[in-house]
Amino acid sequence: SGQFWNYANTTAGTLFIYQEGGGTNGLNTYISAGNLYFGAWSKSDPWNGVWLSTPTTSGGWHQVVYVFDSVGGSLELYYDGALSSRTTSVPSSVSAHSGDDSIGAQIGGSKIHTGDTAGNGYYFDGIIDEVRFQDVAISSEQVTTDYYAERYKFSTDGGGSWSGWLNASCTGSTGTIRRETISGPR
């Protein structure tokens with residue numbers, strides 16, 4: 001299972017949130033043309049993959065969770081604490097992969113819902129926060145619990161506003177780090 005919070009400045013184009021593996025075997029989460037996608041593939045098995053999607057918006061925080069349940073044989077995509085898409089057309093595992101892992105960009109090759117991609121790019125325009133990976137298929141109840149725990153973690157008035165959240169982001173190819181304390185609605 002993987003979890004991310006993201007604040008996208010735009011939903012235009014293709015913007016990678018997370019990628020592991022490469023063009024042969026892997027997983028990824030990205031935004032493309034106003035939709036959020038989670039994909040998994042394992043061509044070595046052979047399994048050309050599946051992509052789950054849900055509409056998304058820019059200018060606000062969103063929780064994204066994927067659950068790959070090899071025992072139950074399902075792949076699920078959750079958006080802001082709720083199940084948005086599910087399929088049972090999955091193998092019991094994704095074969096080992098040696099491609100790069102990345103957060104906020106595609107590094108090397110990958111796959112998206114329209115086919116194979118190559119090279120580096122598809123840089124995320126926004127903030128990615130609270131990245132978490134677990135080697136278990138978490139339950140829908142855990143997804144909802146995590147959503148509300150993070151959504152109101154720093155709230156001083158029940159979720160209307162929050163403060164004291166520390167933000168760090170990278171910009172440019174040099175990896176310049178910027179840190180700031182943000183106040184406002186999450």
Side-chain angles (χ1 to χ4, degrees), residues 1-41 48-68 75-87 97 99-133 143 146-147 150-151 159 161-162 165-180 182-186:
S1 302
Q3 297 190 53
F4 322 91
W5 279 87
N6 76 83
Y7 185 105
N9 292 324
T10 181
T11 60
T14 300
L15 313 164
F16 268 64
I17 297 171
Y18 170 73
Q19 163 197 307
E20 72 173 74
T24 304
N25 305 312
L27 308 166
N28 61 23
T29 306
Y30 59 93
I31 294 171
S32 183
N35 287 298
L36 177 105
Y37 289 87
F38 170 69
W41 60 96
N48 205 33
V50 65
W51 281 261
L52 305 177
S53 68
T54 191
T56 190
T57 58
S58 60
W61 283 101
H62 297 288
Q63 179 210 40
V64 178
V65 179
Y66 70 82
V67 178
F68 190 158
L75 188 64
E76 298 172 333
L77 175 64
Y78 292 83
Y79 184 78
D80 288 343
L83 179 65
S84 66
S85 189
R86 181 177 194 272
T87 185
H97 40 275
D100 291 325
D101 294 357
S102 63
I103 295 175
Q106 173 186 285
I107 306 297
S110 192
K111 288 181 67 71
I112 60 175
H113 65 287
T114 57
D116 294 347
T117 61
N120 300 338
Y122 301 113
Y123 299 102
F124 187 77
D125 181 7
I127 301 169
I128 300 168
D129 191 29
E130 299 294 329
V131 177
R132 182 181 319 164
F133 299 103
V143 172
D146 291 349
Y147 172 72
E150 292 301 324
R151 175 91 179 139
S161 64
W162 52 276
W165 184 61
L166 185 63
N167 170 43
S169 64
C170 293
T171 56
S173 59
T174 60
T176 303
I177 301 294
R178 174 178 58 90
R179 290 177 52 137
E180 62 185 291
I182 299 175
S183 296
R186 183 173 191 181

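For Phe4, the ring pair (Phe, Tyr, Trp, His ring centres under 6.0 Å) partners at least two apart in sequence or on another chain are Tyr18, Phe133. Contacts of Asp125 classified as side-chain hydrogen bond (donor to acceptor under 3.5 Å, both in side chains), with partners at least two apart in sequence or in another chain: Asn9. Remark: Ser102 pairs with Gln19, Ile107 by the side chain to side chain contact (heavy atoms under 4.5 Å, CB included) rule, at least two apart or across chains. Looking at residues two or more places apart in sequence or on another chain, you find a side chain to side chain contact (heavy atoms under 4.5 Å, CB included) between Ser84 and Thr54, Leu77, Tyr79. Every residue two or more places apart in sequence or in another chain that forms a side chain to side chain contact (heavy atoms under 4.5 Å, CB included) with Thr11 is listed here: Ile31, Thr56, Ser58. Thr87 meets the side chain to side chain contact (heavy atoms under 4.5 Å, CB included) test with Val50, Leu52, Leu75, Ser89, Val90; sequence neighbours excluded. In this structure, Asn6 has no side-chain hydrogen bond (donor to acceptor under 3.5 Å, both in side chains) partners at least two apart in sequence or on a different chain. Annotation: ring pair (Phe, Tyr, Trp, His ring centres under 6.0 Å) contacts of Tyr66 (sequence neighbours excluded): Phe38. For Thr10, there are no side-chain hydrogen bond (donor to acceptor under 3.5 Å, both in side chains) partners, not counting sequence neighbours. For the salt bridge (Lys or Arg N to Asp or Glu O under 4.0 Å) test, residues two or more places apart in sequence or in another chain that qualify with Glu76 are Arg86. By the side-chain hydrogen bond (donor to acceptor under 3.5 Å, both in side chains) test, Ser110 pairs with Asn28, sequence neighbours left out.
A donor-acceptor pair under 3.5 Å is formed between the side chain of Trp41 and the backbone N or O of Gly22.
Between His113 and Ser32, some side-chain heavy-atom pair lies under the 4.5 Å cut-off. You'll find the side chain of Ile112 stays beyond 4.5 Å of the side chain of Tyr37, heavy atoms only. Side-chain contact check for Trp5 versus Arg132: every heavy-atom pair is 4.5 Å or farther apart.
A salt bridge (Lys or Arg N to Asp or Glu O under 4.0 Å) check over residues 110-124, counting only residues at least two apart or in different chains, returns the pairs Lys43-Asp116, Lys111-Asp116.
Across every non-hydrogen atom of Ala40 and Leu27, the tightest pair is CB-CD2, 3.3 Å. In this structure, Ile17 and Ile128 approach most closely via the heavy-atom pair O-CD1, 3.7 Å.
Checked by atom type, the side-chain pair Gln63/Asp146 shows no donor-acceptor distance below 3.5 Å.
With rounding to the nearest 0.5 Å, the separation of OH in Tyr30 from CZ in Phe16 is 7.0 Å.
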Determine, step by step, whether Thr117 and Thr14 satisfy the side-chain contact (heavy atoms from CB on, under 4.5 Å) criterion, reporting the C-alpha distance in whole Å, the side-chain angles of both residues, the deciding distance to 0.1 Å, and the verdict.
-> CA-CA 11 Å; Thr117 61; Thr14 300; over 6 Å; no

